[in-house]
Amino acid sequence: MKRKRIMVAALTLMFAIGNPAVAFAMEEEASELVSTVVETEKESVVVALSETEEESAVEESTAADLTETEQELTAVTLNEVAHSIFYAPQYVAIELGYFEEEGIDLTVVTGFGADKTMTALISGEADIGFMGSESSIYTYSGGAADAPVNFAQLTQRAGNFVVAREDTDDFEWSDLVGKDVLGGRSGGMPEMVFEFILKQKGIDPSEVNINQSIDFGSTAAAFSGGQGDYTIEFEPSATALEQEGVGYVVESLGVESGYVPYTAYCAKSSYLNEYPEVIQAFTNALQKGMDYVNAHTPEEIAEVIAPQFPENDVETITTIVERYYEQDTWKEDLIFEEESFELLQDILESAGELEERVPYEELVTTKFARAAIE
């Protein structure tokens, strides 16, 4: 169209050669015609480009929607032994969306005791269990065909505290002799570490009246109701008793016991073999949570995990996080070292809960934790 209009204008000018005035007028008209044509063509090109860009944008948006739709999250159920600020890195990973980033839709269920958490894992109600690793040793020693394997260690110190009826700055472990103490379940990590420390202090556990009949998670309420001279409590229960004015934290089991592989994540061997990519993604998310905790202040950590503990204000959570932070509770990585596993078995033997030691390679794998820090 453009070329045809220009040729017509040129021919018209040729016929007007004999009349300069006409020629001049027609030349101007032709020039305007050519200009108009060019401008019209430019507009056509701009419109065409705009339409192409719009189509491209629509296509990109549609592609993004399809990608988001196609990339569905993998549902994973985690059963945790307790819901405690002691496990801050896990809650940081949840609140900051690290599990979603790794493609996991995580559901967390609280088992209220390692025995209940292990039962949920073995029965298939949970994909991953989070508890003391002694439970995996018991299960393996019992001859389980699909024994759970530990793949990530979260804490490296005990997370419970001795809570007394009266506030004192000069507590001695010998003060417990002959007193009623609300302890933990026989064979569980809280109770075994407590007894391990007593022996380290030269006290036979039989010299202390340890009540092991109260369910995990109910000891604080029992102590508040008047039972016991002392109780062994996790957070936030220990601080809650202080706030009620019925108890006072006088000692940390974490400080006294040293570095102990207190809690770890495990899954059945069959699940590890069938879904290694899920375990890796889960471990990656945890490592991000661990990195955050090790790089931020107790105040910052408390702000992040506060939604997990609506019953506590941020100031209380900060106090608890700081207490755990100062005793070096959390590892820098999730690798469950053999030395830690052997120390765990030392504690089990000391408690009379282990007849025969089990091989580290059978119940621990570090490949997922190592890959998470690469």
Side-chain angles (χ1 to χ4, degrees), residues 80-90 111-115 117 130-137 150 152-164 171-173 176 181-201 203 205 208 210 212 214 216-217 219-220 223 230-239 241-242 247-265 290 293 319-332 334 336-337 339-351 353-354:
E80 59 178 7
V81 63
H83 194 72
S84 172
I85 295 170
F86 184 43
Y87 311 132
Q90 172 181 292
F112 297 107
D115 53 341
T117 295
F130 178 51
M131 69 200 99
S133 303
E134 77 285 351
S135 293
S136 63
I137 294 177
N150 299 284
Q153 179 188 336
L154 188 75
T155 57
Q156 61 182 2
R157 285 192 185 275
N160 41 4
F161 302 85
V162 178
V163 179
F171 170 80
E172 298 289 341
W173 287 93
L176 300 178
V181 179
L182 306 186
R185 176 181 58 85
S186 177
M189 278 299 286
E191 178 61 26
M192 288 191 296
V193 170
F194 176 46
E195 294 185 13
F196 183 74
I197 293 173
L198 289 176
K199 292 175 183 177
Q200 294 292 98
K201 299 295 181 180
I203 302 170
V208 181
I210 305 175
Q212 300 181 29
I214 303 174
F216 184 89
T219 51
F223 188 76
Y230 296 86
T231 183
I232 309 300
E233 296 295 334
F234 277 92
E235 294 288 12
S237 296
T239 296
L241 288 172
E242 285 190 321
Y248 302 90
V249 173
V250 294
E251 189 59 88
S252 165
L253 274 71
V255 171
E256 292 297 326
S257 64
Y259 292 112
V260 175
Y262 207 80
T263 44
Y265 297 87
M290 191 75 83
V293 165
T319 298
I320 295 170
V321 170
E322 188 168 10
R323 186 173 280 166
Y324 281 135
Y325 197 90
E326 290 178 347
Q327 70 176 36
D328 197 23
T329 293
W330 303 297
K331 290 165 55 67
E332 291 186 358
L334 299 161
F336 196 152
E337 302 286 0
E339 182 179 357
S340 295
F341 187 75
E342 295 306 327
L343 174 58
L344 172 62
Q345 295 199 83
D346 290 343
I347 294 174
L348 295 179
E349 284 185 333
S350 175
E353 297 290 343
L354 185 65

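What you are looking at is a predicted structure, and each value in this text was computed from that prediction instead of being measured.
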Of all the heavy-atom pairs spanning I232 and G183, show the shortest one and how long it is.
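That would be CG1-CA, 4.5 Å.
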Report the residue from N160, I347, V193 that forms a side chain to side chain contact (heavy atoms under 4.5 Å, CB included) with S257.
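Running side chain to side chain contact (heavy atoms under 4.5 Å, CB included) over N160, I347, V193 with S257 returns exactly one hit, V193.
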Test item: side-chain donor near acceptor, T155 and T263, under 3.5 Å
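Distance-only check passes for T155 and T263.
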At what distance, to the nearest 0.5 angstrom, does NE2 of H83 lie from CD1 of I85?
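Spacing of NE2 (H83) from CD1 (I85) equals 8.5 Å.
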Would R323 pass as a cation-pi partner of F161, given that its NZ or CZ must be under 6.0 Å from the six-membered ring centre and within 45 degrees of the axis?
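Here R323 passes the 6.0 Å and 45° test against F161.
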Euclidean distance, M290 CE relative to L334 CG, rounded to 0.5 Å:
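So the gap between those two atoms works out to 4.5 Å.
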Considering only heavy atoms from C-beta outward, does the side chain of V260 approach that of Q156 to under 4.5 Å?
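Not in contact.
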Find out whether Y230 and F171 are in side-chain contact, i.e. whether some heavy atom of one side chain is under 4.5 Å from a heavy atom of the other.
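Sidechains of F171 and Y230: in contact.
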With heavy-atom distances below 4.5 Å as the criterion, would you say the side chains of Y324 and S84 are in contact?
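A side-chain contact under 4.5 Å exists here.
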Over 60° means perpendicular and under 30° means parallel, so classify the ring planes of Y265 and F130, tilted if in between.
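The arrangement is parallel - the two ring planes meet at less than 30°.
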If we only count heavy atoms from C-beta on, is the S135 to D115 side-chain gap below 4.5 Å?
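The answer is no; the side chains never approach within 4.5 Å.
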With rounding to the nearest 0.5 Å, note down the distance linking CE in M192 to CD in E349.
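Rounded to the nearest 0.5 Å, the CE-CD separation comes to 11.5 Å.
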Hey, what do you get for CG (N150) to CD1 (I137), rounding to the nearest 0.5 Å?
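Answer rounded to 0.5 Å: 8.0 Å.
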Mind checking whether F341 and F336 have parallel, tilted or perpendicular rings, split at 30° and 60°?
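Rings of F341 and F336: perpendicular, as their planes differ by over 60°.
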Please report the closest heavy-atom contact between V81 and A114, naming both atoms and the distance.
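The pair with the smallest heavy-atom distance is CG2-N, 3.3 Å.
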What closest approach, in Å, do P190 and F234 show between heavy atoms, and which atom pair accounts for it?
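Between these two residues, the closest heavy atoms are CG-CE1, 3.8 Å.
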Is it the case that R157 places NZ or CZ above or below the six-membered ring of Y262, under 6.0 angstrom from the centre and within 45 degrees of the axis?
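Negative - R157 is either too far from the ring of Y262 or too far off its axis.
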Indicate the atoms forming the closest heavy-atom contact of P205 with L198, along with that distance.
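Heavy atoms only, the tightest pair is CA-CD1, 4.1 Å.
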According to the interplanar angle, ranging from 0 to 90°, do the rings of Y325 and W330 count as parallel (below 30°), tilted (30 to 60°) or perpendicular (above 60°)?
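It falls in the perpendicular class, over 60°.
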Distance-only polar pair, side chains of E80 and Q90, donor-acceptor under 3.5 Å
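Looking only at side-chain atoms, Q90 and E80 do form a donor-acceptor pair, the distance falling under 3.5 Å.
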Short question: side chain of S350, backbone of D346 - any donor-acceptor pair under 3.5 Å?
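No, S350 side chain to D346 backbone: no donor-acceptor pair under 3.5 Å.
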Kindly indicate whether the side chain of S340, heavy atoms from C-beta on, has any atom under 4.5 Å from the side chain of Q153.
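Contact flag for S340/Q153 side chains = yes.
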Could you check if a side-chain atom of E353 sits within less than 4.5 angstrom of a side-chain atom of S186, using non-hydrogen atoms only?
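Heavy-atom side-chain distance check passes, below 4.5 Å.
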So do the side chains of I203 and L176 get within less than 4.5 Å of each other, counting heavy atoms only?
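A side-chain contact under 4.5 Å is absent here.
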Would you mind telling me which of V181, V163, I214 makes a side chain to side chain contact (heavy atoms under 4.5 Å, CB included) with T231?
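Only one of V181, V163, I214 forms a side chain to side chain contact (heavy atoms under 4.5 Å, CB included) with T231, namely V163.
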Considering only NZ, NE, NH1 and NH2 on the basic side and carboxylate oxygens on the acidic side, decide whether E256 and K201 come within less than 4.0 Å.
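Result for this pair is yes, salt bridge flagged.
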Nearest 0.5 Å, please: how far is OG in S133 from CE in M189?
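Taking CE in M189 and OG in S133, the distance rounds to 7.5 Å.
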Should F223 and S237 count as side-chain neighbours, where that means a heavy-atom distance under 4.5 Å?
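The answer is no; the side chains never approach within 4.5 Å.
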S252 side-chain N/O to V255 backbone N/O, donor-acceptor pair under 3.5 Å
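Yes, because the side chain of S252 sits within donor-acceptor range (under 3.5 Å) of the backbone of V255.
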Under 3.5 Å: donor-acceptor pair, side chain of E191, backbone of Q212:
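No, the answer is negative, given that no donor and acceptor are paired below the 3.5 Å cut-off.
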T219 and E233: side chain donor to acceptor below 3.5 Å:
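On atom types as modelled, these side chains qualify, holding a pair under 3.5 Å.
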L253 side, atom CG; Q327 side, atom CD - distance, nearest 0.5 Å
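Going from CG on L253 over to CD on Q327, the span is 9.5 Å.
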Using a 6.0 Å cut-off, check whether atom CD of E339 has over 12 heavy atoms from anything other than its own residue.
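Check fails, neighbour count at 12 or below.
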